[in-house]
Protein chains: 2
Amino acid sequence: MATSVPEPVRRLPRAQRREQILAAATQAFARAGFASTSLDDIAVEAGITKVILYRHFESKTDLYQAVLDRVCALLATHVGQQVGEFTEASIDGLLAAAAAEPAGFRLLFQHAAREPEFRALTDRFRTEIHDIAHVQIKAVVADSAWAQWASHLAPTVAIEAVIAWLDAGQPDPAQAADRIRAAIGGVIAAAARSTMDHITLVPDRPGSGGPV
Amino acid sequence: MATSVPEPVRRLPRAQRREQILAAATQAFARAGFASTSLDDIAVEAGITKVILYRHFESKTDLYQAVLDRVCALLATHVGQQVGEFTEASIDGLLAAAAAEPAGFRLLFQHAAREPEFRALTDRFRTEIHDIAHVQIKAVVADSAWAQWASHLAPTVAIEAVIAWLDAGQPDPAQAADRIRAAIGGVIAAAARSTMDHITLVPDRPGSGGPV
DNA sequence: ATCGTTGTTGACGTCAGAGTGTAGTACTGC
DNA sequence: GCAGTACTACACTCTGACGTCAACAACGAT
C-alpha cells in the first residue's frame, strides 16, 4: 500500500529521506488525523519501518508538528510573507498552496483544526481571515451579532471552498479565486441584507450573474 | 469538572441514567472526537465511574454509536420525517436541531464526519442536501465542474453556517434560516456567474441586498 | 425495619501502540 | 582495497486505555 516506492529502495540521503517521511506522514495523517494514525501506518506508507522514523524525529508529536510546520510554511509562502498581511488576493495563495499539497491542506484545516493541541496553528490563519473580514463586514452589517456570524463563517467558507475545489478536480485555477471571493461576498451579503428581503435558492435569471 | 451534578447524586432510574450518560458523552466526544476521548473522561463528565458505562453500553464504540444515533434521530425529527425529503425549508430544522443540542450537532458534523468508521451517518444528511442542491444547481450552472463544486460546497456551507450561528450566540432564529439560505444562494451564484464578471468582497451599496 | 434490587466502586487482566536497544549492510574517503 | 560512517531492520520493553470482576452502599416494597 506504500504509495511512494514499489521496490525496496535503500540508502536515501538524510534530507531526502526526511522529506519522503514528511510527505508520507502527510498522506497518512490526512486520512484519519493524529490519534487514529499509528507510526506503523506511517512507516508502511513511507516504505520503511517504525525505527527509522525515530532516527529523523524525536516522537510522534514531533513528527506531526514537523508535518504541520511544513504545510504552514508552504501556506505562508503562497499566501504572503508577513503575518497580518492577509487580503482578498490571498485567496489565490490559498488555492496555490492547496494545489501544491492537497493532503497537507486537508490535514491542516480538517484534522489539525479539531485537535486541541494543534489547533493554534490553523487558528493563526483563521484569525487573519477573520480579522480582515470583520473589518469589512462591520462596515456593511449593522447588527453586530450577524457581523460576528459572517466573520466566523467567511474564513470557513474560504477554506471549504478551496477543499471543494480540490474535490471537483481543480477546474480552471484562474477563475477559482474569483468564484470563491464571490461566494464569500454572498455570505457577507446574506449577513448584510435587511430583514425584509426574501431570497430564492435559485436565482430568477439563471446565469445573469448580477451584483452580489 | 462534571457539568451535570455538583453533589454525589446516586440511584437514578435506569433510563434517566442512560440519558445522562448519553448527554455527558455527547459533551465529552464533542471536544476531541472518538479516538482522543477516553472512557474515563466520559465517566468523569457524567460524575460516575467507568464501570457504570459498561452497565449501560456494550463498548466504547457502542456508546459512541448510541450518541450519534440519538443526534441523528433528533436531527431527523427536526428536519423531516422521511429520508430524501430535504428541501430548502429543512434549514429551519437544522437550526432547531442545532439549538436543541449544540454539542451533538458539532460532534456529528465536525468529528464524526472525519472518522471513517462513522462517516456514513453524516454522509446521509450531506448527500441529501447535495442531491437537492445539485438538481437546482445543474439548471443554472453550465460548467459541470463548477456545478459539482457548488454541490459539494452548499451542504458544507449550510452546516458551517449553522455552527457559526451557534458561535455567534444564536441571534434571532426567525431570520437565521433566511440568511443561511441567502448565503447558500450566494455560493450558487458564485458558481453560476459568467467568467467575465468581477466581484468586490464588499458590496458596492451596503445593505442594498440586491438579487443574489 | 428489613430484604432484595440496583447502582456504585477500586483493583485487575489484556492488548494495541509508542518508544528503544543490538545487529547488519551499503555508501564514502584514504 | 579498507575502514569509518550512517542508514536500515528485527526483537524487545513499557505505558496507557479498553474492558472485567468481586465487594459495598443506597433506595423501594412489604
Side-chain angles (χ1 to χ4, degrees), chain A residues 1-2 4-25 27-29 31-68 111 115-118, chain B residues 1-2 4-25 27-29 31-68 111 115-118:
Chain A
M1 293 297 174
S4 49
V5 282
E7 298 224 338
V9 257
R10 299 169 185 175
R11 286 305 235 174
L12 265 63
R14 183 172 181 84
Q16 187 175 342
R17 174 63 74 188
R18 184 187 159 93
E19 278 308 307
Q20 190 226 347
I21 291 174
L22 283 175
Q27 298 290 331
F29 279 131
R31 278 198 290 271
F34 179 73
S36 300
T37 305
S38 77
L39 289 176
D40 288 302
D41 291 339
I42 299 166
V44 169
E45 179 83 28
I48 56 174
T49 66
K50 188 176 56 174
V51 185
I52 310 305
L53 300 177
Y54 283 95
R55 294 289 168 123
H56 294 266
F57 302 95
E58 286 293 318
S59 65
K60 184 185 182 184
T61 301
D62 183 42
L63 170 59
Y64 194 58
Q65 193 75 47
V67 167
L68 294 182
H111 291 286
E115 290 149 5
E117 194 143 3
F118 306 98
Chain B
M1 292 300 173
S4 48
V5 282
E7 299 224 337
V9 258
R10 300 168 185 178
R11 283 303 232 181
L12 265 64
R14 183 173 179 83
Q16 188 175 341
R17 174 62 75 189
R18 184 187 159 94
E19 279 307 308
Q20 190 226 348
I21 291 175
L22 283 175
Q27 298 290 331
F29 279 131
R31 278 198 289 271
F34 180 72
S36 299
T37 305
S38 78
L39 289 177
D40 289 300
D41 292 338
I42 298 165
V44 169
E45 180 83 26
I48 57 174
T49 65
K50 188 177 56 177
V51 185
I52 311 306
L53 300 176
Y54 285 95
R55 296 285 173 116
H56 294 266
F57 301 94
E58 286 294 317
S59 64
K60 183 184 182 183
T61 301
D62 183 42
L63 170 59
Y64 194 59
Q65 193 75 46
V67 167
L68 295 182
H111 291 287
E115 289 149 7
E117 196 144 4
F118 306 98

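First the proteins, then the strands, lettered A, B, ... as listed; each starts at 1.
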- prompt: In whole Å, what is the span from the CD atom of B/Gln16 to the P atom of C/dT8?
  reply: 11 Å
Which protein N or O atoms sit under 3.5 Å from an N or O of nucleotides 18-20 of chain D?
residue	atom	partner	partner atom	Å
D/dC18	OP1	B/Lys60	NZ	3.0
D/dC18	OP2	B/Leu39	N	3.2
D/dG19	OP2	B/Tyr54	OH	3.0
D/dG19	OP2	B/Lys60	N	2.9
D/dG19	O5'	B/Tyr54	OH	3.2
D/dG19	N7	B/Lys50	NZ	3.1
D/dG19	O6	B/Lys50	NZ	2.8

- prompt: Does any N or O donor sit under 3.5 Å from an N or O acceptor when you compare the side chain of A/Arg55 with the base of D/dT8?
  reply: yes
- prompt: Counting distance only, does the side-chain N/O of A/Glu115 pair as donor-acceptor with the main-chain N or O of A/Phe34 below 3.5 Å?
  reply: yes
- line: Taken to the nearest 0.5 Å, the spacing of A/Ile52 CD1 from A/Arg18 CZ works out to 14.5 Å
message: If I compare all heavy atoms of A/Leu53 with all of A/Leu39, which pair ends up nearest, and what's the gap?
response: CD1-O, 3.5 Å
- request: Quickly work out the B/Phe57 CZ to C/dG7 P distance and round it to whole Å.
  value: 13 Å
- prompt: How many Å lie between NE2 on A/His56 and P on C/dG19, as a whole number?
  reply: 16 Å
task: Mind calculating the distance between CZ (B/Arg17) and C1' (C/dT5) to the nearest angstrom?
output: 16 Å
message: When you measure from the side chain of A/Lys50 to the backbone of A/Asp41, do you find a donor-acceptor pair of N or O atoms at a distance under 3.5 Å?
response: no
message: With a 4.0 Å limit, can you tell me whether B/Thr49 has a side-chain N or O closer than that to the phosphate oxygens OP1/OP2 of C/dT9?
response: yes
- prompt: Can you check the A/Ile52 CD1 to C/dA18 P distance for me, whole Å?
  reply: 16 Å
message: Keeping A/Gln27 on the side-chain end and A/Glu45 on the backbone end, is there a donor-acceptor pair under 3.5 Å?
response: no
task: Check side-chain contact (heavy atoms from CB on, under 4.5 Å) between B/Glu19 and all other residues, then give those that pass, not counting sequence neighbours.
output: B/Leu22, B/Arg70
task: Let me know the distance between CG of A/Leu53 and P of C/dG17, rounded to the nearest Å.
output: 15 Å
